[in-house]
Amino acid sequence: RKASQRVNGSNSEETASAANGELRGSLTLKVGSKKFETTADTLRSIPDTFLASLVSGRWKKEKDGSMFIDRSAKHFQYVLDYLRCRGENFVPPASTTAQDELCSEAKFYCLNGLAASLRRLRVASSHLMTATKK
């Protein structure tokens, strides 16, 4: 897995580090070349993930205060949506290709619940296709 460790928080006072070094408040993430706005609470909503570690205070900030992640931004909005709802009522992309790509991203970010849900969805859709071909 290759991710940049040049990950950082925004310049706002809301993102000031707590006494233990954890980031708080709103954040700007740069994933690839695209910016996403979120909060530290959203990123830590599912513990023991790559994204939760970003707000731990162990990552260096970019000069502009953003947090850089050297990944494709193509499906990152789905990653944030999953974190925002903690998996409840999450709506994955409709295309099986996009679901497979998102599953790879989920594995990278250590979002095991999302990856498992996408794998189950893939298996269910393949069974459905098999059943309807008869």
Side-chain angles (χ1 to χ4, degrees):
R1 292 185 183 162
K2 187 175 179 183
S4 173
Q5 288 197 349
R6 298 178 359 200
V7 181
N8 313 327
S10 79
N11 288 327
S12 75
E13 289 183 35
E14 290 180 29
T15 311
S17 296
N20 63 0
E22 286 189 356
L23 299 176
R24 304 276 181 218
S26 63
L27 303 167
T28 300
L29 300 178
K30 278 196 288 190
V31 181
S33 60
K34 189 171 179 184
K35 290 185 178 184
F36 295 87
E37 299 293 324
T38 190
T39 66
D41 286 342
T42 295
L43 296 182
R44 74 169 61 86
S45 66
I46 300 178
D48 302 319
T49 65
F50 175 89
L51 295 164
S53 76
L54 294 182
V55 293
S56 68
R58 296 180 297 210
W59 296 89
K60 293 183 181 179
K61 297 180 179 181
E62 293 290 304
K63 289 180 183 177
D64 68 357
S66 66
M67 301 173 80
F68 179 76
I69 303 171
D70 191 13
R71 294 293 287 183
S72 170
K74 185 175 181 181
H75 300 294
F76 193 72
Q77 188 62 54
Y78 285 105
V79 170
L80 284 179
D81 291 345
Y82 182 82
L83 290 173
R84 288 177 178 134
C85 69
R86 294 186 176 105
E88 295 292 321
N89 301 313
F90 173 73
V91 179
S95 129
T96 54
T97 300
Q99 291 169 7
D100 291 344
E101 292 169 351
L102 179 57
C103 188
S104 293
E105 291 302 298
K107 290 174 188 175
F108 173 82
Y109 292 115
C110 301
L111 292 167
N112 300 328
L114 175 57
S117 294
L118 291 165
R119 282 191 304 272
R120 283 191 300 273
L121 185 59
R122 183 68 159 147
V123 167
S125 69
S126 69
H127 286 289
L128 181 61
M129 286 190 288
T130 303
T132 58
K133 286 182 181 179
K134 292 183 180 181

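Note that this is a predicted model, so its numbers are computed, not measured. Numbering starts at 1 and runs along the sequence shown.
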For this session: Using a 4.5 Å cut-off on heavy atoms from C-beta on, say whether the side chain of L80 contacts that of L43.
Result: yes
Seminar exercise, completed: Taken in chain and number order and not counting sequence neighbours, the residues that satisfy side chain to side chain contact (heavy atoms under 4.5 Å, CB included) with S33 are none
Exercise. What pairs with S117 under side-chain hydrogen bond (donor to acceptor under 3.5 Å, both in side chains), at least two apart in sequence or on another chain?
Worked result: R120
Problem set entry | Results of ring pair (Phe, Tyr, Trp, His ring centres under 6.0 Å) for F76 - residues two or more places apart only | F36, Y109
Problem set entry | With sequence neighbours excluded, residues passing salt bridge (Lys or Arg N to Asp or Glu O under 4.0 Å) with R119 | none
For this session: Taking salt bridge (Lys or Arg N to Asp or Glu O under 4.0 Å) as the test, write out the residues that go with K74, two or more places apart.
Result: E101
Exercise. Between L102 and P93, which heavy-atom pair has the shortest distance, and what is it?
Worked result: CD2-CD, 3.6 Å
Exercise. With sequence neighbours left out, what residues match E105 under side-chain hydrogen bond (donor to acceptor under 3.5 Å, both in side chains)?
Worked result: R71
For this session: Apply side-chain hydrogen bond (donor to acceptor under 3.5 Å, both in side chains) to K35 and list each qualifying residue two or more places apart in sequence or on a separate chain.
Result: none
Exercise. How would you list, by chain and number, every residue that makes a side chain to side chain contact (heavy atoms under 4.5 Å, CB included) with E37, sequence neighbours excluded?
Worked result: T28
For this session: If a pair satisfies ring-ring contact (aromatic ring centres under 6.0 Å, His included) and one of its residues is in residues 84-107, list it, with sequence neighbours excluded.
Result: Y82-F90
Exercise. Is there side-chain contact between N112 and T49, with heavy atoms separated by less than 4.5 Å?
Worked result: no
Problem set entry | Atom pair CG (D81) and CG (N89), whose distance is rounded to the nearest 0.5 Å | 12.5 Å
Problem set entry | Which atom of A40 lies closest to which atom of R24, heavy atoms considered | CB-CA, 3.8 Å
Exercise. How far apart are the closest heavy atoms of A115 and C103, and which atoms are they?
Worked result: O-SG, 3.7 Å
Seminar exercise, completed: Heavy-atom nearest pair, A52 first then I46, reads CB-O, 3.7 Å
For this session: Enumerate the residue pairs fulfilling salt bridge (charged side-chain N to carboxylate O under 4.0 Å, His left out) with a member in residues 85-98, sequence neighbours excluded, ordered by first and then second residue.
Result: none
Problem set entry | Heavy-atom side-chain contact between L51 and I69 under 4.5 Å | yes
For this session: Return the minimal non-hydrogen interatomic distance between K30 and S66, and the atom names on each side.
Result: CE-OG, 2.9 Å
Seminar exercise, completed: So CG of L54 and CG of L27: to nearest 0.5 Å the spacing works out to 8.5 Å
Seminar exercise, completed: Scanning both residues in full, the closest heavy-atom pair of L118 with P92 reads CD2-CB, 3.9 Å
Problem set entry | Any residue meeting side chain to side chain contact (heavy atoms under 4.5 Å, CB included) with T39, in chain and number order, not counting sequence neighbours | D41, T42
